[in-house]
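Counting starts at 1 for both ligands and their atoms, in listed order. Basis for what follows: all heavy atoms, side chains included, without hydrogens, waters or symmetry-related copies. Keep in mind that what you see is a predicted model, and the values were worked out from it rather than measured.
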Amino acid sequence: MGQGLLKSGFARVDGVMCCEGVSLEQIARDVGTPVYVYSAATIRDRYELLDRTLAPVPHRVHYTLKANTSRGVLRVLRDLGAGVDVVSGGELHRALRAGFAPHDIIFGGVGKTERELAEALDAGILLINAESEREVTLIDALAGERGVTAPVSLRVNPEVMLDTPHEYIKTGGRGHKFGVPYDQVVHVAERIAALAHVKLLGLDMHIGSQLSRIDPYREGTERLASIFHELGAKGIDTLEYLDIGGGLGVRYDTEQPPDLERFAELVLPAVRDTGLRLIMEPGRFVVGNAAALVTRVLYRKHSGGKDYVVADAGMTELLRPSHYGAYHRILPMRERPDHATVDVVGPVCESGDFLALDRELDDVQPGDELVVCDVGAYGYAMASNYNSRCRPAEVLVDGDRYAVITAREQYEDLTRLEIAQPEWTTVEGRNR
Ligand code: LLP
């Protein structure tokens, strides 16, 4: 099935934008704006679609928490049987708190601290994706102190050519900071095999994000498979998992996301050949199309020949447009007969604070609501408190019901960690 046919949980019904059976207008009225609204049905649909695509081989889908860490969203995925992929002690904490069992969790990331590695070992997670020889040695020492054997997968940089929409989301090319350089992998694997407290259980890669072509996956998977065979020939036969990362693109505008049938045809044979269990770590694919950000128009402005819509959400709520030049469709909650070409900007004191530039939009007026589409991945997760703005609420819709899953931040939350009466430490002499 091509992704062009994917269903969306969001549609206009009787003139007003709805998420499944609930009007977004009602959520905005009840919960206020800005507000992120998630469609549980869309999350289930995407997870199940990927799960079916991978069905020809033994596999597990480990949802990548960094795309969206909300407990309400994680619970939907946990109930579907997903595993998770975390990249920090904080994400490990969130995954466990959301009810994932340790053996549902893999832990990746280029700069894990000793504390984070210790936490992963103490929790007893499924796999630690190691990225360097030094990290492997540290894991071995920490596991030795605990009298356990650490389950390690080696993140390989497969050094494939990529076509991501932004340089920042390319990761698996030659010279990137991620993974072990391809020509050093066998050496590091041999080191692991020689250590007493680590067991090499997998090979792993993640080549980039918002990918539309299948070829880099095929090439990367074949390169992992070839390392697997080379290791086998050297007598290293402990491997059980082949993790080919995340990165599957979604449709934001007119882009053509990867065709999953072709993905299965081109990628799965190399996996089947190894007899290993396949792991994928999708983030965007699972949640990207599953949310909208509802924001209210505060003002209209004309300046220097430009027409502005000033909304109550901007780069603090959704960073992707200003950080990556990313495109998100923006629809009016209720349509208006006239159109205008506008910049949709937020309230933050930065000229780079925008949701859309030179966008043809209905001629919306102060008080109207806008629906910013496809914000489920890297939306709320990248929201900030800059300008001391409170982060928005998150709402989950399931059929004809909705629930607030993350409360809107309050002013007290902004100052909660500040020490009103700091305790000074006086240092004797000069501290060199
Ligand atoms: N696995 C690893 C090791 C990753 O680094 C990532 C994402 C994923 C899986 C999931 O990738 P996905 O399936 O979501 O493409 N903030 C950027 C995207 C950064 C992706 C970082 N790594 C954005 O808003 O486009």
Side-chain angles (χ1 to χ4, degrees), residues 3 43 46-47 49-50 53-54 60-69 73 77 82-88 91 95 105-112 127-131 153-158 162-173 176-180 202-213 216-217 220 224 241-253 255 257-258 260 263 278-291 293 315 317-328 355 372 374-384:
Q3 281 190 38
I43 297 172
R46 298 307 191 271
Y47 174 83
L49 177 59
L50 186 57
T53 301
L54 307 181
R60 184 105 195 260
V61 175
H62 282 254
Y63 163 71
T64 283
L65 236 73
K66 67 168 84 71
N68 184 292
T69 54
V73 167
L77 288 159
V84 286
D85 160 48
V86 303
V87 289
S88 67
E91 285 192 354
I105 303 174
I106 56 184
F107 193 149
V110 68
K112 302 177 211 75
L127 285 173
I128 300 175
N129 291 340
E131 299 220 4
S153 178
L154 201 54
R155 177 157 174 190
V156 174
N157 182 347
L162 286 171
D163 60 343
T164 60
H166 197 281
E167 279 298 315
Y168 290 179
I169 53 178
K170 231 173 236 179
T171 42
H176 281 131
K177 73 174 178 181
F178 300 100
V180 176
L203 294 173
D204 162 45
M205 69 175 190
H206 171 72
I207 49 185
S209 199
Q210 184 56 9
L211 302 179
S212 51
R213 290 179 48 232
Y217 281 104
L224 289 193
Y241 302 98
L242 199 69
D243 178 348
I244 63 171
L248 291 171
V250 302
R251 176 167 289 166
Y252 287 105
D253 184 14
E255 56 279 73
L260 293 181
F263 181 89
L278 174 66
I279 292 178
M280 274 201 87
E281 308 168 353
R284 192 188 313 267
F285 180 79
V286 176
V287 293
N289 296 136
L293 171 64
M315 66 189 292
E317 288 68 30
L318 180 66
L319 184 60
R320 302 193 72 256
S322 71
H323 192 55
Y324 307 108
Y327 179 96
H328 287 269
L355 296 175
V372 188
D374 305 314
V375 296
Y378 311 105
Y380 187 90
M382 292 176 80
S384 81

Short side-chain to backbone donor-acceptor contact, [X] and [Y], under 3.5 Å:
X	Y	answer
S153	G202	yes
T64	E281	yes
K112	N129	yes
R60	M280	no

Item to check | Test applied, side-chain hydrogen bond (donor to acceptor under 3.5 Å, both in side chains); reference residue, Y252; option that passes from H328, R284, Q210 | outcome: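 Of the listed options, the one satisfying the test is R284.
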Checklist entry - Do ligand 1 and G283 have nitrogen or oxygen atoms that lie under 3.5 Å from each other? => result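 Checking ligand 1 against G283, an N or O pair does fall under 3.5 Å apart.
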Checklist entry - Taking atom CG of L65 and atom CZ of F107, what is their separation to the nearest 0.5 Å? => result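 Taking CG in L65 and CZ in F107, the distance rounds to 11.0 Å.
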Checklist entry - What distance separates K66 NZ from Y378 OH, expressed to the nearest 0.5 Å? => result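 The NZ atom of K66 sits 5.5 Å away from the OH atom of Y378.
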With a heavy-atom distance limit of 4.0 Å, tell me whether [X] approaches ligand 1 through its side chain, its backbone, both, or neither.
X	answer
Y324	side chain
A67	neither
M382	side chain
E281	both
R284	both
N129	neither

Under 4.0 Å to a heavy atom of [X] - the qualifying atoms of ligand 1, by number:
X	answer
G247	11 (O), 12 (P), 13 (O), 15 (O)
P282	13 (O)
G246	9 (C), 13 (O)
R155	3 (C)

Checklist entry - Can you name the nearest heavy-atom pair linking H206 to G247, along with the distance? => result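 Smallest heavy-atom distance, with atoms named: CE1-N, 3.8 Å.
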Checklist entry - Does even one non-hydrogen atom of G108 get within less than 4.0 Å of ligand 1? => result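 Not so, G108 does not reach ligand 1.
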Checklist entry - Touching ligand 1 at all, H323? Heavy atoms, strictly under 4.0 Å? => result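 False for this residue.
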Next on the checklist: Can you tell me which residue among V156, D204, D243 is in a side chain to side chain contact (heavy atoms under 4.5 Å, CB included) with L224?
Outcome noted: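 Looking at V156, D204, D243, the match for L224 under the side chain to side chain contact (heavy atoms under 4.5 Å, CB included) is V156.
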